[in-house]
Every structure is written in C-alpha cells, then in structure tokens.
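Below: the structure, in structure tokens.
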There are 2 protein chains.
Amino acid sequence: MPDLKVEQPKSLVAIVEERLRNAIVDAEMRLGETLSEEALSEALGVSRTPVREALARLQLQGLVTIVPKKGTFVFAPTEEDVSELCVFRYMLETQALRECMSKARGPALAAMKDALAAMEAAQAGGSRRDYARADTVFHEVFFQHCGNRYLGNAYRGVSGRVAALRTHLSVPLEGEQERSMAEHHLMVEAFAAGRLADLDSILHRHIMRAWDAYADVLRSGEVRG
Amino acid sequence: MPDLKVEQPKSLVAIVEERLRNAIVDAEMRLGETLSEEALSEALGVSRTPVREALARLQLQGLVTIVPKKGTFVFAPTEEDVSELCVFRYMLETQALRECMSKARGPALAAMKDALAAMEAAQAGGSRRDYARADTVFHEVFFQHCGNRYLGNAYRGVSGRVAALRTHLSVPLEGEQERSMAEHHLMVEAFAAGRLADLDSILHRHIMRAWDAYADVLRSGEVRG
DNA sequence: TTCCTGTATCTTGCATACGGACTGGAGATC
DNA sequence: GATCTCCAGTCCGTATGCAAGATACAGGAA
C-alpha cells in the first residue's frame with residue numbers, strides 16, 4: 001500500500017501562535033506593545049480561547065509577557081537581557097556545532113550551504129526582512145543536525161527572541177550586512193575543514209558583534225513604543 | 001509605612017500545574033499513563049480550562065504528551081531519550097557551574113553545602129523520595145547562582161524530566177545512595193577549591209552513571225504501565 | 001490648586017456548553 | 001469463525017458567558 005498519510009489540519013491555536021509569532025518577529029508589532037485577547041480574537045476571527053492558549057505558549061517562548069488582570073505585552077528586552085541571551089545563544093550554538101561535526105558533518109554542511117545561498121539571494125533582493133529570515137534559518141541548521149532533541153528544544157525556546165531582536169534592533173549600518181555575510185562564509189569554511197576552534201571563535205565574534213549593535217540601538221531608545 | 005505587600009493568590013493554572021508536576025515527578029502516576037482532562041478537572045475540583053492550560057505547560061516541560069483528539073499521557077522516555085537528556089543536562093550543568101565559579105562562588109558554595117546537608121538528612125531519614133528531592137535541589141543551585149536567566153530557564157525545561165527519571169527509574173541498588181552522596185561531596189570540594197576540570201569530570205561521571213542505571217531499568221521494562 | 005474617591009471601562013480568570021473526532025464493542029454478514 | 005458495519009461512549013477543540021481585579025478619569029472636598 002502506498003503511503004497515503006494525510007496531514008492533519010492545524011489547530012486554531014497553532015495557526016494563531018504562528019501568526020502572532022511572525023507578527024512579533026517580523027516587527028509588525030512594536031516591542032512592549034499592548035495586546036488584548038479580545039482585540040486579537042476579533043482581528044483574527046476566532047474566539048478568545050485559542051488566542052489565550054497561543055499567548056500562553058508565546059509567553060513560554062519569551063515573546064510576550066502576560067501580567068495578570070492587566071494585559072499582555074510584546075516582550076521588551078533590557079540591555080542585560082540581551083547580553084545574557086547572547087551568552088546563552090553562543091553556548092548552545094557552539095555545542096550544537098560540535099555535535100554536528102562529529103555526527104552529521106556532510107548533511108549539516110550541505111544544509112548550511114543552502115541556507116547561505118538563501119542569504120545571498122535575500123541580500124541581492126535587498127529585503128532586510130528576508131535576509132533576517134535566512135539568517136535565522138542558517139543558525140537553525142545547527143540544531144536540526146545536531147542529533148539531540150533537547151538541544152534543539154532549548155534553542156527553539158529562545159530562537160523567537162533572537163529572531164525578533166534581529167529584525168527589531170538591526171540597523172542598516174554601513175557595510176553591516178556584508179560583514180555578516182562574510183562571517184557566515186567563514187563559518188561554513190571552518191566547518192567544512194573541521195576547524196572547530198576557528199569555528200568557535202568566529203561564532204563568538206559573530207554573536208558578540210550582534211550584541212554590540214543591539215545594545216547600541218537599545219541605548220538609543222528608538223525601539224520603544 | 002511598613003511593608004504590607006500581600007502575595008497574590010496563585011492562579012488555578014499554577015496550582016494545577018504544580019500539583020500534576022509533583023504527581024508525575026513523585027511517581028504517583030505511572031509513565032505512559034493516560035490522563036483525561038475531564039477526569040483530572042473532577043479530581044482536582046476545578047473546571048477543564050485551567051487543567052487544559054496546565055497540561056499544555058507540562059507538555060512544554062516534556063512531562064506529558066498531548067495527542068490531539070486522543071488524550072494526554074504521562075511521558076514515557078525511550079532509552080535514546082534518556083541518553084540525549086543526560087548529554088544535554090551535562091552540557092547545561094557544566095556551563096552553569098563555570099558561570100557560578102566566576103561570578104558567585106561564595107553564595108553558590110554556601111547553597112551547595114546547604115543542599116548537601118539536606119541530602120544527608122534525607123538519607124538518614126531513609127526516604128527515597130526525600131533524597132531524590134534534595135538531589136534535585138542540589139543541582140538547581142547551579143542555575144540559581146549562575147547569573148544567566150536563560151540558562152536557568154533551559155534547565156527548568158528539562159528539570160522535570162530529570163527529576164521524574166530520578167524517582168521512577170532509580171532502584172535501590174547496593175550502595176547506590178552512598179556512592180551518589182560521595183560524588184556530591186566531591187563536587188562540593190572541587191568547587192570550593194576552584195578545580196574546574198575535576199568538577200567537570202566528576203559531574204560527567206555522576207550523570208553518566210545515572211544514565212547507566214536508568215537504561216538498565218528501562219531495558220528491564222518494569223516501569224511501563 | 002491638590003488630593004482623594006467613586007465609577008465606568010478595560011483587562012484577564014474561570015466555568016460551561018456544544019460539536020467533531022476517535023475508540024471499542026455488539027451485532028450483522030459472508 | 002472471520003470480517004465488516006454501525007453505534008454509543010469518551011475525548012478534545014472551540015465558543016461563549018460571567019465574575020473579579022486593574023486602571024483612568026471625572027468630580028468633590030480641603
């Protein structure tokens with residue numbers, strides 16, 4: 001018998017969650033913005049129940065903050081937050097890369113090259129949002145091939161924030177995107193060559209430079225509602 | 001004016017979540033056991049809504065599995081699961097210890113000693129459940145003092161599973177608890193002396209030995225409902 | 001003016017109702 | 001006896017209603 005498996009239609013909760021997540025990550029909403037369950041449910045054309053459940057999930061991903069009886073707000077990171085997030089992210093990514101290299105070097109490399117191509121395409125296309133998305137995909141590759149689901153889950157738990165910061169706080173600095181591309185190229189090269197130490201240091205520099213940029217923007221206070 | 005701040009009564013969701021979590025972690029429920037939202041809500045004396053929300057949170061902690069339209073089940077780890085979990089746990093704990101040592105050595109050491117004392121008390125008292133709980137607290141200390149909330153969150157995301165395995169899969173092997181105590185003592189000593197490399201290797205041995213024990217029990221198949 | 005207070009209106013927390021999807025078993029059919 | 005079909009029971013997904021806390025603001029008292 002052929003494989004006739006049908007995919008289940010997504011639940012409303014899943015749809016709402018994805019929609020809201022995209023709205024936050026793609027900067028359709030401002031950091032700190034107030035969200036009302038009722039307003040959202042009306043805007044989305046569903047009842048409050050799935051909205052509420054989706055918001056609860058997003059809270060666990062750190063994308064919104066729910067204050068009892070007051071309201072729900074898009075997350076608003078402090079400088080310290082961003083710093084800790086970067087440190088944590090570096091820890092996860094470096095570990096994931098280590099696992100990738102020892103367990104699934106070939107497939108991981110191929111996927112990284114694909115993602116890199118997508119980044120180049122986005123850069124050529126000139127859309128900052130597309131570039132940020134491709135960047136996100138690139139880093140997700142590490143976790144798809146690391147062979148440890150818990151590592152991947154942990155990353156998923158912060159990837160929303162990372163991606164959101166990328167979109168909200170990235171400023172089109174002179175040559176910034178070019179430097180980012182160059183670093184990604186270097187990472188792929190180091191990975192292909194199996195130079196783990198180099199890879200670590202590039203990744204560290206890459207993430208910490210991003211942190212600098214974010215911190216600058218945060219200090220300038222331009223992103224608050 | 002004196003400080004008269006009142007603590008907010010916990011929400012029903014939080015209460016239900018904690019209650020269910022304890023029930024799973026303390027092995028009041030069997031691994032793989034079926035949970036019905038309605039049955040739970042009746043047993044707990046609340047409506048399905050908070051139960052449902054609590055179950056969703058527990059799913060994100062990996063303590064239950066929700067199958068759409070079918071039911072909710074207490075998690076049932078495979079041998080592979082446990083292996084990946086141990087690897088991941090070692091990664092997190094070793095990183096947390098590193099941060100503790102460089103940022104909050106004194107307080108962390110004090111807290112570890114307290115936890116150790118509690119473990120000894122539990123051992124003297126002879127309750128396996130109390131010992132397992134104290135063990136859990138000991139390892140949580142690392143994350144309370146590591147100064148990185150994301151690291152702590154990531155641990156919270158798996159600590160339920162870790163704690164549950166401790167209770168479900170630990171068998172009172174000859175001298176097992178004594179060996180565990182000895183290892184914890186060694187860890188505290190190494191931490192106090194600032195011997196990070198030793199600490200790492202003790203921790204690694206400690207976790208991997210636990211893994212061995214769990215795997216044995218899993219293979220024997222005694223824990224399934 | 002300044003401060004307090006009552007109230008209108010917002011928010012979420014929780015309970016409940018209904019319908020669709022799944023499961024297991026009794027009975028019919030071959 | 002084996003297999004199919006139908007049906008009742010159970011579960012979840014979603015919508016809706018009500019209660020209670022939080023907030024903002026108008027209006028009165030000092």
Side-chain angles (χ1 to χ4, degrees), chain A residues 1 4-21 23-24 29-76 224-225, chain B residues 1 4-21 23-24 29-30 32-76 225:
Chain A
M1 179 155 29
L4 296 176
K5 204 181 293 173
V6 302
E7 83 247 35
Q8 306 269 31
K10 279 193 208 171
S11 74
L12 282 187
V13 177
I15 296 173
V16 170
E17 180 187 351
E18 188 181 334
R19 181 75 193 82
L20 291 180
R21 191 185 150 96
I24 294 172
M29 293 167 169
R30 277 206 285 250
L31 299 184
E33 181 172 340
T34 300
L35 303 174
S36 146
E37 290 179 4
E38 183 151 4
L40 287 176
S41 68
E42 196 164 341
L44 293 163
V46 299
S47 84
R48 269 182 56 215
T49 309
V51 171
R52 184 177 171 71
E53 211 161 311
L55 287 176
R57 293 196 200 178
L58 291 173
Q59 182 180 37
L60 294 185
Q61 296 172 34
L63 286 178
V64 305
T65 305
I66 300 177
V67 182
K69 315 271 181 161
K70 246 187 96 179
T72 304
F73 308 87
V74 178
F75 82 109
R224 296 309 166 78
Chain B
M1 183 158 23
L4 296 176
K5 205 181 292 171
V6 301
E7 83 251 33
Q8 305 271 29
K10 278 193 209 169
S11 75
L12 282 186
V13 177
I15 296 173
V16 170
E17 180 187 353
E18 188 182 333
R19 181 77 193 81
L20 291 180
R21 191 184 149 97
I24 295 173
M29 293 168 169
R30 277 207 284 251
E33 181 172 341
T34 300
L35 302 175
S36 148
E37 290 179 3
E38 184 153 2
L40 286 177
S41 67
E42 196 164 341
L44 293 165
V46 299
S47 84
R48 271 183 54 218
T49 308
V51 171
R52 185 176 169 71
E53 212 161 307
L55 286 177
R57 294 197 199 176
L58 291 173
Q59 181 179 37
L60 292 187
Q61 297 171 32
L63 286 178
V64 306
T65 305
I66 299 177
V67 182
K69 315 266 183 158
K70 246 187 96 180
T72 303
F73 308 87
V74 178
F75 82 110

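In the text below, chain A, chain B and the rest are named by the order of the sequence lines, each starting its count at 1.
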Q: Using a cut-off of strictly less than 4.0 Å between a heavy atom of the residue and any atom of DNA chain C, enumerate the qualifying residues of residues 53-65 of chain B by number.
A: none

Q.
If we ignore hydrogens and angles and just use 3.5 Å, is the side chain of A:Glu17 paired with the main-chain N or O of A:Ala14 as donor and acceptor?
A. no

**Q.** For atom CD of B:Glu42 and atom C1' of C:dA15, their distance in whole Å
**A.** 14 Å

Q: Search all heavy atoms of A:Glu33 against all heavy atoms of A:Arg30 and return the closest pair with its distance.
A: OE1-N, 2.8 Å

Q | Integer-rounded Å distance: C:dG13 C1' and B:Arg48 CZ | A | 16 Å

Q: Send over the distance from B:Leu40 CG to C:dA15 P, rounded to a whole Å.
A: 14 Å

**Q.** Residue B:Ser36, side-chain atoms from C-beta onward, closest of C:dT23, D:dG21, D:dC11
**A.** D:dC11

Q.
Does a side-chain N or O of A:Lys69 approach OP1 or OP2 of C:dG13 to a distance below 4.0 Å, or not?
A. no

Q. Between C:dG13 and A:Arg52, is there an OP1 or OP2 to side-chain N/O distance shorter than 4.0 Å?
A. yes

Q: Identify the heavy atoms of A:Leu63 and A:Ile24 that sit nearest to each other, and give their distance.
A: O-CD1, 3.9 Å

Q | Side chain B:Gln61, main chain B:Leu58, donor-acceptor under 3.5 Å | A | no

Q) Phosphate oxygens OP1/OP2 of D:dC12: is one of them under 4.0 Å from a side-chain N or O of B:Thr72? A) yes

Q) Counting side-chain heavy atoms from CB outward, which of D:dT23, D:dG13, C:dC14 is closest to A:Ser11? A) D:dG13

Q. Among A:Glu37, A:Glu42, A:Glu38, which residue meets the salt bridge (charged side-chain N to carboxylate O under 4.0 Å, His left out) test with A:Arg48?
A. A:Glu37

Q) Which atom names give the shortest non-hydrogen contact between B:Phe73 and B:Val67, and what distance separates them? A) CE1-CG2, 3.7 Å

Q: Grab the two heavy atoms, one from B:Leu12 and one from B:Pro50, that are nearest each other, plus how far apart they are.
A: CB-CB, 4.0 Å

Q: Nearest whole angstrom, please: distance from the C1' of D:dG17 to the CD of A:Glu37.
A: 15 Å

Q.
Could you tell me how far apart B:Lys10 (NZ) and C:dG13 (P) are, to the nearest whole angstrom?
A. 16 Å

Q. To the nearest Å, how far apart are A:Glu38 CD and D:dC18 P?
A. 14 Å

Q | Protein-nucleotide distance (A:Glu17, atom CD; D:dG13, atom P), rounded to Å | A | 14 Å

Q: For B:Thr49, report the nucleic acid contact type (base, sugar-phosphate, nothing); a contact means any heavy atom under 4.0 Å.
A: base

Q. Atom NZ of B:Lys70 to atom C1' of C:dC22: distance rounded to whole Å?
A. 9 Å

